[in-house]
Student: 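What follows is a structure written as structure tokens; I'll ask about it next.
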Amino acid sequence: MDMALPVVNATAAVLARVSAAFNAPFARAVVFGVHIDGHLVVEGLLIAVIVFQLTRKSYKPPKKPLTEKEIDELCDEWEPELLCPPIKDGARIDTPMLESAAGPHTIVDGKEVVNFASANYLGLIGNEKIIDSCVGSLEKYGVGSCGPRGFYGTIDVHLDCEAKIAKFLGTPDSILYSYGISTIFSVIPAFCKKGDIIVADEGVHWAVQNGLHLSRSTVVYFKHNDMASLASTLEKLTRGNKRAEKIRRYIVVESIYQNSGQIAPLDEIVRLKEKYRFRVILEESHSFGVLGKSGRGLAEHYGVPVEKIDIITAGMGNALATDGGFCTGSVRVVDHQRLSSSGYVFSASLPPYLASAAVSAVNYLEENPSVLANLRSNIALLHKGLSDTPGLEISSHVLSPIVFLKLKKSTGSPTTDLDLLETIAERVSLSQL
């Protein structure tokens with residue numbers, strides 16, 4: 001059947017041309033008193049050819065089993081595909097060994113160095129009050145519960161931490177996660193499902209990308225931190241689309257982008273959200289405890305009421321110098337995650353001493369707002385020191401604790417640019433050691 005179809009199609013094309021000739025006035029004839037036009041002759045021939053082709057037997061190669069020798073030869077020649085690509089020379093990384101607390105100055109491989117790789121933005125690693133709270137928690141609860149929150153992993157200090165974060169940010173409720181990076185990629189699939197629309201910044205970091213993938217939603221990206229691109233994308237998705245009005249729609253952005261150090265213009269995002277009736281999911285891992293007069297994040301920085309942001313997530317391994325993460329918002333948003341968020345439901349609960357550390361860190365931030373002034377002074381000092389670096393320029397926001405450098409002039413090849421930047425970073429590291 002499969003082989004006959006091309007022949008039938010070719011025959012039909014040829015006969016169509018012949019039919020045109022037969023349909024000429026002089027081609028008509030009378031046979032046994034019946035008027036026969038040319039096209040009837042062609043159609044009869046076409047039917048005969050089709051019947052002939054359909055009744056032909058398709059060709060099948062003769063089945064001949066392989067001999068034992070042929071089987072052995074094929075087995076000897078077969079090579080399994082590598083599980084991972086071979087590692088190139090120079091690609092191996094010797095992991096540096098940390099031998100002290102990751103403070104501004106730390107011990108790496110036996111030598112004291114200046115630490116530029118830590119996210120200890122407020123300098124709270126080694127803080128005595130936080131250490132004392134951890135010691136007291138360890139003596140009371142031990143290291144952990146070895147169980148998820150919904151089973152037997154909820155401890156009173158978890159509830160205290162959730163209440164403390166919600167009160168600090170001015171939201172109705174919050175929920176703790178055991179691992180910072182799992183917070184955002186558990187929260188997104190908990191709310192965004194197949195058929196929903198997500199409009200996301202193309203510069204979001206890996207954890208956000210993973211959450212977008214796990215949600216199975218329709219994801220549309222807009223240009224990094226470009227509000228004109230966001231507005232255009234929202235307009236295209238909603239204009240004249242009655243179906244879009246009946247499904248869930250989200251905008252996903254970061255406060256301070258981990259991959260660029262840029263700050264999202266929240267005031268404009270909220271305006272567009274309200275205009276096109278979208279919900280906003282805001283990732284604040286690098287802005288919580290950093291931006292705003294009192295460290296309450298991007299909403300405080302822009303003076304936007306926090307209730308205009310539907311869902312806020314953040315890891316606590318940066319400014320708060322502990323671990324885990326949280327999601328905050330309305331009571332309904334939080335309650336939904338207690339049964340529907342995989343990172344919360346299936347993970348062992350946050351060790352209680354880390355929750356105690358988070359509470360103490362937030363208390364310290366409230367009592368000592370000067371740490372924010374110190375942070376901004378350090379960022380400004382670093383910007384000043386790096387601003388005159390030959391061949392490089394700062395590309396991150398002046399308030400970002402993550403400072404990015406890029407080449408002033410590209411070599412013309414992204415690969416060569418990356419190799420050059422890696423070489424610079426290696427030399428800087430070696431100069432400290």
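The analysis underlying the following values was restricted to heavy atoms, covering all of them including side chains, and did not include hydrogens, waters or symmetry mates.
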Student: For residues Asn259 and Val204, report the shortest heavy-atom separation together with the two atoms involved.
Tutor: ND2-O, 3.5 Å
Student: Quick one, Ile269 with Val304, criterion side chain to side chain contact (heavy atoms under 4.5 Å, CB included). Give me CA distance, side-chain angles, the key distance, then yes/no.
Tutor: CA-CA 11 Å; Ile269 291 171; Val304 173; over 6 Å; no
Student: Measure the CG-OG1 distance between Asn120 and Thr106 for me, rounded to the nearest 0.5 Å.
Tutor: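 Taking CG in Asn120 and OG1 in Thr106, the distance rounds to 10.5 Å.
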Student: OG/Ser255 to CG/Leu291 distance, rounded to the nearest 0.5 angstrom?
Tutor: 7.0 Å
Student: Output yes when a side-chain donor or acceptor of Ser178 lies under 3.5 Å from a complementary backbone atom of Ala348, and no otherwise.
Tutor: yes
Student: Salt bridge between Lys275 and Glu268, side-chain N to carboxylate O under 4.0 Å?
Tutor: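 Glu268 and Lys275: not salt-bridged.
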Student: Using side-chain heavy atoms (C-beta onward) and a distance below 4.5 Å, is Cys327 in contact with Ile311?
Tutor: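 They are in contact (side-chain heavy atoms under 4.5 Å apart), so the answer is yes.
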Student: As an exercise, state the distance from CG of Leu98 to CG of Asn115, rounded to the nearest 0.5 Å.
Tutor: 7.5 Å
Student: Between Thr411 and Asp417, is there a side-chain donor-acceptor contact under 3.5 Å, judged purely by atom types and distance?
Tutor: yes
Student: Take Arg296 and Glu284 through the test salt bridge (Lys or Arg N to Asp or Glu O under 4.0 Å) and record every step on the way to the result.
Tutor: CA-CA 10 Å; Arg296 287 174 167 82; Glu284 289 224 63; over 6 Å; no
Student: Compare every heavy atom of Val143 with every heavy atom of Pro352, then report the nearest pair and how far apart it is.
Tutor: CD-O, 3.5 Å
Student: Any donor and acceptor pair, going by atom type alone, linking the side chain of Ser377 with main-chain N or O of Ala373 inside 3.5 Å?
Tutor: no
Student: Will you find, in the side chains of Thr183 and Thr313, an N or O donor that is under 3.5 Å from an N or O acceptor?
Tutor: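 No, Thr313 and Thr183 have no side-chain donor paired with an acceptor closer than 3.5 Å.
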Student: Donor-acceptor pair, Ser260 side chain versus Gln262 backbone, under 3.5 Å?
Tutor: yes
Student: Keeping Ser232 on the side-chain end and Ala228 on the backbone end, is there a donor-acceptor pair under 3.5 Å?
Tutor: no
Student: Is the closest side-chain heavy-atom distance between Lys193 and Ser215 below 4.5 Å?
Tutor: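 SC-SC contact between Lys193 and Ser215 ruled out.
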Student: Stepwise, does the side chain to side chain contact (heavy atoms under 4.5 Å, CB included) test hold for Thr238 with Arg277?
Tutor: CA-CA 9 Å; Thr238 57; Arg277 303 180 65 83; over 6 Å; no
Student: Would a 4.5 Å heavy-atom cut-off, applied to side chains only, mark Thr218 and Ile198 as touching?
Tutor: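 Counting from C-beta outward, Thr218 and Ile198 never come under 4.5 Å.
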Student: One pair to check against side chain to side chain contact (heavy atoms under 4.5 Å, CB included): Leu122 and Tyr364. What are the steps and the verdict?
Tutor: CA-CA 10 Å; Leu122 301 181; Tyr364 186 86; over 6 Å; no
Student: Please check if any side-chain donor atom of Ser285 sits under 3.5 Å from a side-chain acceptor atom of Glu283, or the reverse.
Tutor: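 There is such a pair between these side chains.
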Student: Quick one: side chain to side chain donor-acceptor pair (under 3.5 Å) pairs with a partner in residues 345-357, sequence neighbours left out?
Tutor: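 Output for this query lists Ser137-Ser356, Ser145-Ser349.
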Student: Does the side chain of Lys129 pick up a donor-acceptor pair with the side chain of Asn363 at under 3.5 Å?
Tutor: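 Asn363 and Lys129 do not have a side-chain donor-acceptor pair below 3.5 Å.
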Student: Roughly how far, to the nearest 0.5 Å, is the CZ atom of Phe278 from the CG atom of Leu272?
Tutor: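 Atom-to-atom, Leu272:CG and Phe278:CZ are 10.0 Å apart.
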Student: Which atom pair, heavy atoms only, marks the closest approach of Ser396 to Phe404?
Tutor: OG-N, 3.1 Å
Student: Any carboxylate oxygen within less than 4.0 angstrom of a Lys/Arg side-chain nitrogen, looking at Glu202 and Lys223?
Tutor: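 No, Glu202 and Lys223 are not salt-bridged.
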Student: Is it true that, when you exclude His383 itself, more than 12 heavy atoms of the residues, nucleotides or ligands shown sit nearer than 6.0 Å to its NE2?
Tutor: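 Enclosed: over 12 neighbouring heavy atoms sit under 6.0 Å from NE2 of His383.
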Student: Mind listing the closest non-hydrogen atom pair of Tyr141 and Ile155 along with its distance?
Tutor: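 Of all heavy-atom pairs spanning Tyr141 and Ile155, the closest is CE2-CG2, 3.2 Å.
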Student: Does Glu128, at its CD atom, have more than 12 non-hydrogen atoms belonging to other residues, nucleotides or ligands within less than 6.0 Å?
Tutor: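 Count not over threshold, so no.
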Student: So Thr416 and Leu420, do their side chains get closer than 4.5 Å, heavy atoms only?
Tutor: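 They are not in contact (no side-chain heavy atoms under 4.5 Å apart), so the answer is no.
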Student: Kindly indicate, with the supporting measurements, whether the criterion ring-ring contact (aromatic ring centres under 6.0 Å, His included) is fulfilled by Tyr257 and His286.
Tutor: CA-CA 8 Å; Tyr257 288 93; His286 296 284; over 10 Å; no
Student: With the side chain counted from C-beta on, respond yes when Phe151 and Val345 share a heavy-atom pair under 4.5 Å apart, and no when they do not.
Tutor: no
Student: Atom OG in Ser400, atom CD1 in Ile379: separation rounded to 0.5 Å?
Tutor: 6.5 Å
Student: Do the side chains of Arg149 and Glu162 get close enough for a salt bridge, i.e. N-O under 4.0 angstrom?
Tutor: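 Judged by the 4.0 Å cut-off on N to carboxylate O distance, Arg149 and Glu162 do form a salt bridge.
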Student: Within the structure provided, determine whether Ile175 and Arg338 are in side-chain contact (heavy-atom separation under 4.5 Å).
Tutor: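 Yes, at least one pair of side-chain atoms sits under 4.5 Å.
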Student: Considering only NZ, NE, NH1 and NH2 on the basic side and carboxylate oxygens on the acidic side, decide whether Glu422 and Arg427 come within less than 4.0 Å.
Tutor: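 A salt bridge is absent here (no side-chain N lies under 4.0 Å from a carboxylate O).
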Student: Report the C-alpha separation of Glu77 and Leu74 in whole Å, then their side-chain angles, then the decisive distance to 0.1 Å, and conclude whether the side chain to side chain contact (heavy atoms under 4.5 Å, CB included) test is met.
Tutor: CA-CA 5 Å; Glu77 294 174 359; Leu74 289 173; 4.2 Å; yes
Student: Is the closest side-chain heavy-atom distance between Ile394 and Val403 below 4.5 Å?
Tutor: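 Ile394 vs Val403: side chains touch.
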Student: Does Ser330 reach the main-chain N or O of Val333 with its side chain, forming a donor-acceptor pair under 3.5 Å?
Tutor: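 Present.
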Student: For residues Leu399 and His301, determine if any side-chain heavy atom of one lies less than 4.5 Å from a side-chain heavy atom of the other.
Tutor: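 Of all side-chain heavy-atom pairs linking His301 with Leu399, at least one is under 4.5 Å.
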Student: Between Met316 and Ala358, what is the shortest heavy-atom contact and its length?
Tutor: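 Looks like SD-CB, 3.8 Å.
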Student: Under a plain distance cut-off of 3.5 Å, with no hydrogens placed, do Thr328 and Ser174 share a side-chain donor-acceptor pair?
Tutor: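 Ser174 vs Thr328: no donor-acceptor pair found between side chains.
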Student: Does Lys293, at its NZ atom, have more than 12 non-hydrogen atoms belonging to other residues, nucleotides or ligands within less than 6.0 Å?
Tutor: no
Student: Quick check for you: to the nearest 0.5 Å, what is the distance between Leu365 atom CG and Leu372 atom CG?
Tutor: 5.5 Å
Student: By the definition side chain to side chain contact (heavy atoms under 4.5 Å, CB included), identify the one residue from Val306, Val252, Leu298 that meets it with Leu282.
Tutor: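 Only one option passes, and that is Leu298.
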Student: With a 4.0 Å cut-off on N to O distance, would you call Asp173 and Arg332 a salt bridge?
Tutor: no
Student: Kindly give the heavy-atom pair with the smallest separation between Ser360 and Ile130, and that separation in Å.
Tutor: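 Distance-wise, the nearest heavy atoms are CB-CG1, 4.0 Å.
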Student: Using the ring-ring contact (aromatic ring centres under 6.0 Å, His included) rule, collect all pairs that involve residues 177-202, keeping only residues at least two apart or in two chains.
Tutor: Phe185-Trp206, Phe191-His336
Student: Testing the 3.5 Å rule here: is there a donor-acceptor pair between the side chains of Asp201 and His224?
Tutor: yes
